[in-house]
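We count residues from 1, following the sequence as given.
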Amino acid sequence: MSKYNFDYLDELEAEAIHILREVAGQFEKPALLFSGGKDSITLVRLAEKAFRPGKFPFPLVHIDTGHNFEETIDYRDRMVARLGERLIVGSVQQSIDEGKAVEQKGKNASRNALQTVTLLETIEKHQFDACIGGARRDEEKARAKERIFSVRDEFGQWDPKRQRPELWNVYNGKIHKGENVRVFPISNWTELDVWNYIRRENIELPSIYFAHERDVITRNGQLMAASPHVNMDEEDVVERKKVRFRTVGDISCTAAIESDAFLIDDIISEISQSKISERGARMDDKVSEAAMEDRKKGGYF
């Protein structure tokens with residue numbers, strides 16, 4: 001009898017593929033939420049392994065703040081062209097123009113939280129009953145509390161008290177009309193797992209994940225990209241530094257770190273020695289101790 005030698009990445013991959021196929025089997029109108037970040041890019045690779053040579057049983061959905069990194073949008077468009085899959089873009093700017101979302105004011109204004117409004121509109125418009133996301137339990141304590149199949153009510157809200165048991169990899173996707181489920185196939189992965197998988201699969205990423213020179217300002221102890229989408233004043237000093245980004249979000253709330261890591265092996269080594277989580281570079285998580293949980297209760301990813 002032949003032997004199969006699975007390493008831990010094989011096990012994580014197999015679990016994620018099983019979850020993706022469960023979504024395809026249990027739901028009528030699923031979607032894969034795509035941000036252009038490494039986690040959603042990893043989900044796309046897993047979807048290729050789960051469903052090729054057929055088409056994906058769901059479209060890719062990008063909630064576009066209009067304040068994204070240019071490198072991320074360029075990557076998104078090239079990837080979609082390569083895959084030949086359907087892309088749906090929900091526009092935060094359109095939500096603002098229609099009076100459904102209110103632009104924040106002030107020096108630290110960001111559109112990141114406004115994505116919730118546009119996401120819920122997009123779910124309702126296309127009647128999605130399941131949305132696949134790249135959240136992981138190691139990112140943040142609110143995400144650590146959430147199940148792989150996470151039920152949201154008819155208002156898109158998450159109630160921690162309505163968590164369903166998930167024993168022996170059995171996932172319950174039963175929902176009432178108007179509800180939807182957020183599904184997290186790589187929930188059990190760590191940041192290092194994702195990077196090791198990217199290295200193993202030779203997955204291309206947006207260039208901002210690797211060390212590059214960029215104009216930045218220091219705000220609240222964090223290096224922010226000097227961009228027209230970041231409200232700057234005379235107190236902000238623009239400096240040229242070699243940086244990279246550990247996580248990708250709205251440009252107005254995503255901080256960089258100083259780094260010389262230009263190769264994936266260098267990044268893996270850097271992360272292994274870091275004492276700060278990747279979401280330590282997200283300004284939107286620093287609003288309060290429960291910032292992420294509050295946003296999730298309101299319908300956030």
Side-chain angles (χ1 to χ4, degrees), residues 4-27 30-51 56-58 60 130-152 158-174 180-201 203 205 209 246-249 264 267-268 271-272 274-282 285 292-293 295-296 300-301:
Y4 294 92
N5 296 316
F6 277 18
D7 67 11
Y8 80 102
L9 287 178
D10 292 321
E11 294 177 4
L12 290 172
E13 178 188 75
E15 178 189 51
I17 289 173
H18 168 67
I19 293 166
L20 288 170
R21 289 173 175 166
E22 281 291 303
V23 172
Q26 292 194 43
F27 298 97
L32 191 155
L33 301 177
F34 184 79
S35 68
K38 68 183 185 311
D39 299 313
S40 59
I41 292 169
T42 296
L43 284 179
V44 169
R45 173 56 58 87
L46 291 165
E48 288 185 272
K49 292 200 172 189
F51 303 111
F56 292 177
F58 38 69
L60 305 181
C131 293
I132 303 163
R136 308 186 322 272
R137 289 191 174 115
D138 78 320
E139 290 182 275
E140 204 272 342
K141 54 183 177 289
R143 286 182 165 171
K145 293 167 61 175
E146 198 160 18
R147 299 288 193 263
I148 290 174
F149 272 36
S150 178
V151 178
R152 306 299 175 99
W158 174 61
D159 183 355
K161 297 179 181 179
R162 292 185 64 203
Q163 300 273 357
R164 295 174 175 177
E166 292 180 341
L167 305 175
W168 306 293
N169 292 334
V170 176
Y171 304 106
N172 179 4
K174 185 177 181 180
N180 69 84
V181 174
R182 306 291 170 82
V183 181
F184 306 111
I186 60 172
S187 187
N188 291 329
W189 298 40
T190 67
E191 183 185 10
L192 273 176
D193 293 336
V194 172
W195 277 105
N196 280 316
Y197 189 75
I198 288 168
R199 176 175 60 180
R200 189 183 83 171
E201 297 293 313
I203 300 173
L205 293 177
Y209 276 110
R246 286 178 70 182
T247 180
V248 173
I264 289 183
I267 291 173
I268 290 172
I271 294 170
S272 299
S274 176
K275 296 181 180 180
I276 301 173
S277 73
E278 62 184 302
R279 290 202 67 94
R282 291 293 290 269
D285 287 352
M292 173 63 80
E293 183 160 336
R295 293 203 304 278
K296 291 177 80 66
Y300 190 72
F301 298 174

- Message: Quick check: do Glu22 and Phe27 have side-chain heavy atoms less than 4.5 Å from each other?
- Response: no
- Would you call Asn196 and Ile268 a side-chain contact if the rule is heavy atoms closer than 4.5 Å? yes
- Query: What closest approach, in Å, do Arg164 and Asn172 show between heavy atoms, and which atom pair accounts for it?
  - Reply: NH1-O, 2.9 Å
- Task: Any chance you could measure Leu205, atom CG, to Ile41, atom CD1, to the nearest 0.5 Å?
- Result: 5.0 Å
- Task: Can you see which heavy atom on Arg246 is nearest to which on Ser274, and at what distance?
- Result: NH1-OG, 3.2 Å
- Query: Would you call Arg136 and Val194 a side-chain contact if the rule is heavy atoms closer than 4.5 Å?
  - Reply: yes
- Query: Is it true that the side chains of Thr190 and Asp193 contain a donor and an acceptor less than 3.5 Å apart?
  - Reply: yes
- From Phe58 atom CZ to Ile132 atom CD1, the distance as rounded to the nearest 0.5 Å: 4.0 Å
- Message: Does any part of the side chain of Ser272, heavy atoms only, come nearer than 4.5 Å to the side chain of Leu192, both counted from C-beta?
- Response: yes
- Minimum heavy-atom separation for Ser40 to Gly37, with atom names? OG-O, 3.1 Å
- Salt-bridge present (Arg182, Glu146; N to O < 4.0 Å): no
- Task: Report yes if the side chains of Trp158 and Gln163 come closer than 4.5 Å at any heavy-atom pair, otherwise no.
- Result: yes
- Is the His18 ring parallel, tilted or perpendicular to the Tyr171 ring (thresholds 30°, 60°)? tilted
- How many angstroms lie between CD1 in Ile19 and CD1 in Ile186, if you round to the nearest 0.5 Å? 10.0 Å
- Query: Would you say Ile271 and Trp195 make side-chain contact, with heavy atoms under 4.5 Å?
  - Reply: yes
- Note on the structure: Here the pair of heavy atoms bringing Ser150 nearest to Phe184 is CB-CE1, 4.0 Å
- Message: A side-chain contact here means heavy atoms from C-beta on lying under 4.5 Å apart; do Cys131 and Arg152 qualify?
- Response: no
- Item | Check: Asp7 and Arg200 side chains under 4.5 Å, non-hydrogen atoms | yes
- Message: Minimum heavy-atom separation for Asp39 and Gly134, please, with both atom names.
- Response: CB-O, 3.5 Å
- Task: Go through the structure and list residues passing side chain to side chain contact (heavy atoms under 4.5 Å, CB included) with Glu201, not counting sequence neighbours.
- Result: Glu13, Arg45, Lys49, Tyr197, Ile203
- Query: Under the side chain to side chain contact (heavy atoms under 4.5 Å, CB included) test, which residues partner Arg21, sequence neighbours left out?
  - Reply: Ile17, Ala50, Phe51
- Please report the closest heavy-atom contact between Phe149 and Glu166, naming both atoms and the distance. N-OE2, 2.8 Å
